2 protein chains.
Amino acid sequence: MALLDRTEPDEGETRSTRDLILDEAVRCFAERGYEGTSLNDIAAGVGIRRPSLLHHFASKETLYGELFERILSDWLERVNIAVALDASGWDKVELVLRAGFALFEDNPDYVRLMRREALDGGAHLGIDLASVLRPLFDAAAEYLRTQMEAGVLRQLDPRHLLITGYGAILTYFSDAPFVNGLIDDEALTPSNIREHADSVITFFRSALTP
Amino acid sequence: MALLDRTEPDEGETRSTRDLILDEAVRCFAERGYEGTSLNDIAAGVGIRRPSLLHHFASKETLYGELFERILSDWLERVNIAVALDASGWDKVELVLRAGFALFEDNPDYVRLMRREALDGGAHLGIDLASVLRPLFDAAAEYLRTQMEAGVLRQLDPRHLLITGYGAILTYFSDAPFVNGLIDDEALTPSNIREHADSVITFFRSALTP
DNA sequence: AACCCACTACCTACTGGTAGGTAGGCACCT
DNA sequence: AGGTGCCTACCTACCAGTAGGTAGTGGGTT
């Protein structure tokens, strides 16, 4: 939690080798998973040798942990911004959904990484992913519950609904290679993403507004 | 010889070693992925040495391929049965959804395997997963389209809807370890599965029936 | 001088896969 | 009955390659 502070010099022009390593690591881990990625792969992507990489990060696990923490804090920050926006009823649901889509669109690699971690049950992480997201999950469920009780949204089980929504949105990005084959088109082009987002939101509105 | 008691009194039904290997391989690959699983892990789970495993399967890739093919044909068979049932409109949608839930409940490992393959874009497979499921996908989309046009179901983009449904249903099973942490309960108990299935189906019915 | 940072060279552990051998079962012979 | 071949199913020992990680070197900057 307290590790959110980052040096972050990054005066635009040159990213530090450290940051370049993190960037490349995200790509590799998202693409081929933790076990499927070797430190040599990452180092080669940056243009250095493995021992040089290990000069910046003590171990593969350390690198992965730091990278994941960075992603998670970025995610939480953006979600919190969306959650804090002044809206209510369905409008707020739609705002959060759109924020989620925007977040995923900006960095689809994050999504695949998250999905892999969810699949593995956080085996490569010291932290428990679910427990970190739990407060957010509970808050969202509570919001939905009150809105449903007030008759603003249709009565459904909030927790199951959230899991369904989580799966519906995440999947389009995490399984993009597979979706490509289904729709015979690039899933992650901006226009296709918007089309899918609109479709999902229409779907949810149909289900949730009385 | 005293190391491993392999005699295994053939009390009635005994699965062949080959089948035992396949069973264990599904478990391991679902749990830790292709790269995360070594042939030693699988062999140890069966109670034999790696070379003995390779006596039954030419290579790791062969084993994985055969296992996946078996799963896929099982899946397709069961889906086809559900699709062939005599029903129409929303009833048919619900039938297929329930068939999907039943299939996943019977073999949650299959789901995680599929998800991993979707994530990797079928990198470990000779076949293209999407192209195999494509006919099913197209048929489902066409069914939805005609039902929508007839006014039996609400007008939504069938293809995006299918992808959303696919993600919503698959996720509950594939990300079960993560869901456990969110709901603070075992996601894959029969009662929780039924509860979630009912929730998803209610949700879809709300969205789809005019 | 000291400090970075990247390098080469090397380590151990483990990977998928191979070589060669052994124990036991079954069919077919005298 | 007792060989004989041949087969399946397993074993130990080993291979080359690669994994993550360490030690020590040496040039550049300050």
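In what follows, every chain begins at residue 1, and chains take the letters A, B, ... in the order their sequences are listed. Quantities reported herein were computed from a predicted structural model and do not represent experimental measurements.
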(request) Mind grabbing the angle between the end helix axes of the helix from C/dA1-D/dT30 to C/dT30-D/dA1? Five pairs an end, 10° rounding. (result) 10°

(message) Any side-chain to backbone donor/acceptor pair from B/T164 onto B/H160? Under 3.5 Å, distance only.
(response) yes

(request) Return the residues of residues 47-63 of chain A meeting this criterion: a heavy atom under 4.0 Å from some atom of DNA chain C. Order them by number, or give none. (result) A/I48, A/R49, A/P51, A/S52, A/H55, A/H56

(message) Can you confirm if the aromatic rings of A/F104 and A/W75 lie within a centre distance of less than 6.0 Å?
(response) yes

(request) Determine, for A/D23 against A/R15, whether the closest basic-nitrogen to carboxylate-oxygen distance falls under 4.0 angstrom. (result) yes

(request) Run the salt-bridge test on A/R70 and A/D19 with the 4.0 Å N-O cut-off and return the result as yes or no. (result) yes

Atom pairs, N/O to N/O, protein against nucleotides 25-30 of chain D, distance under 3.5 Å?
none

(request) Indicate whether OP1 or OP2 belonging to D/dA19 is found under 4.0 Å from a side-chain N or O atom of A/N40. (result) yes

(message) Check this one for me: any side-chain N or O of B/T17 less than 4.0 Å away from OP1 or OP2 of D/dC10?
(response) yes

(message) Please report the distance, rounded to the nearest Å, between CZ in B/R18 and C1' in D/dT8.
(response) 13 Å

(request) Determine, stepwise, if the pair B/I183 / A/I163 fulfils side-chain contact (heavy atoms from CB on, under 4.5 Å). (result) CA-CA 9 Å; B/I183 65 176; A/I163 293 173; 3.7 Å; yes

(message) Under 3.5 Å, is there a donor on one side chain and an acceptor on the other for A/T62 and A/S59?
(response) yes

(request) On the 0 to 90° scale, with breaks at 30° and 60°, tag the B/F173-B/F101 ring pair as parallel, tilted or perpendicular. (result) tilted

(message) Does A/E31 form a salt bridge (charged side-chain N to carboxylate O under 4.0 Å, His left out) with A/R27? I'd like the steps, not just the answer.
(response) CA-CA 6 Å; A/E31 188 70 24; A/R27 247 194 308 277; over 6 Å; no

(request) Apply side chain to side chain donor-acceptor pair (under 3.5 Å) to B/T171 and B/R115, showing your working. (result) CA-CA 8 Å; B/T171 296; B/R115 177 69 87 180; 2.7 Å; yes

(message) Using a 6.0 Å distance limit plus a 45 degree cone around the ring axis, check whether B/K60 lies over the aromatic ring of B/F29.
(response) no

